[in-house]
Amino acid sequence: MGVSAIDDGTVDLPRLGTTEFERTAARSGILTTTVENVIQWGRYSSLWPVLFGLACCAIEMMATGASRYDLARFGMERFSASPRQADLMIVSGRVSQKMVPVLRQLYDQMPEPKWVISMGACASSGGMFNNYAIVQGVDKVVPVDVYIPGCPPRPESLLDALVKLQKKVAAEKPASLRG
Ligand code: SF4
């Protein structure tokens with residue numbers, strides 16, 4: 001019985017069972033490492049998005065969590081209904097001026113460290129809504145780590161952004177906090 005490409009470690013993605021760190025632990029049963037490495041591994045392997053969507057892009061985000069795209073493969077199936085148990089905000093859709101205080105409050109309630117993905121043209125730049133009612137880029141409200149182009153971006157684009165974010169998180173020093 002053969003093993004899948006994922007199981008034999010040939011896919012170089014920062015996900016459970018595929019990093020050098022995890023392969024060494026699985027093969028030898030013994031691992032010497034630093035606390036920093038363990039913290040980084042835990043962080044990028046279990047990013048938990050806050051349950052939060054703004055417009056049509058949120059439908060694609062929901063599809064990403066469903067069985068066809070299977071967000072759970074990346075340790076992210078747990079969309080948190082409380083921002084206090086989330087460390088990732090996916091801004092999926094246009095941000096109206098009325099939503100700014102709500103969005104900012106949710107972000108402020110998320111514990112550090114936390115990350116933000118701006119999903120789609122509207123969240124990143126206002127998109128086609130160049131008017132007074134829509135914020136012309138969510139980076140005016142919260143710091144953004146990864147931008148996704150498109151209207152709407154497909155689930156593959158969101159998965160690509162999530163993997164890029166995992167690599168970014170893996171490269172960050174655990175002690176670093178952003179205010
Ligand atoms: S980028 Fe397109 S799909 Fe996404 S919120 Fe804007 S109009 Fe809707």
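As the structure lists them, so they are numbered: ligands from 1, and atoms in each ligand from 1. These numbers were taken from a predicted model, which means no experiment stands behind them. Computed over heavy atoms, backbone and side chain alike; hydrogens, waters and symmetry mates excluded.
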Review item, side-chain donor-acceptor pairs of residues 82-97, under 3.5 Å, at least two apart:
| unit_1 | atom_1 | unit_2 | atom_2 | d |
| --- | --- | --- | --- | --- |
| S82 | OG | R84 | N | 3.1 |
| D87 | OD1 | W48 | N | 2.8 |
| S96 | OG | M99 | N | 3.3 |

Side-chain donor/acceptor pairs under 3.5 Å, residues 60-70, sequence neighbours excluded:
| unit_1 | atom_1 | unit_2 | atom_2 | d |
| --- | --- | --- | --- | --- |
| T64 | OG1 | E60 | O | 2.7 |
| Y69 | OH | R154 | NH2 | 2.9 |

For residues 125-138, which side-chain N or O atoms pair as donor and acceptor with protein atoms under 3.5 Å away, sequence neighbours left out?
| unit_1 | atom_1 | unit_2 | atom_2 | d |
| --- | --- | --- | --- | --- |
| S125 | OG | A121 | O | 2.9 |
| S125 | OG | G127 | N | 3.3 |
| N131 | OD1 | A133 | N | 2.9 |
| N131 | OD1 | I134 | N | 3.3 |
| Q136 | NE2 | F129 | O | 2.9 |
| Q136 | NE2 | I134 | O | 2.9 |

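Distance check: Q109 CD to K114 NZ gives 9.5 Å after rounding to the nearest 0.5 Å.
Protein N/O/S atoms closer than 2.8 Å to atom 8 (Fe) of ligand 1, listed by chain and residue number, are C56 SG.
Taking hydrophobic clusters as Ile, Leu, Val, Met, Phe, Trp and Tyr residues chained together by side-chain heavy-atom distances below 4.5 Å, I39 does not share a cluster with V169.
With hydrogens and angles disregarded, no donor-acceptor distance shorter than 3.5 Å links the side chain of Q166 to the backbone of S45.
Residue-level proximity to ligand 1 for M128 is carried by the side chain, the only part with a heavy atom below 4.0 angstrom.
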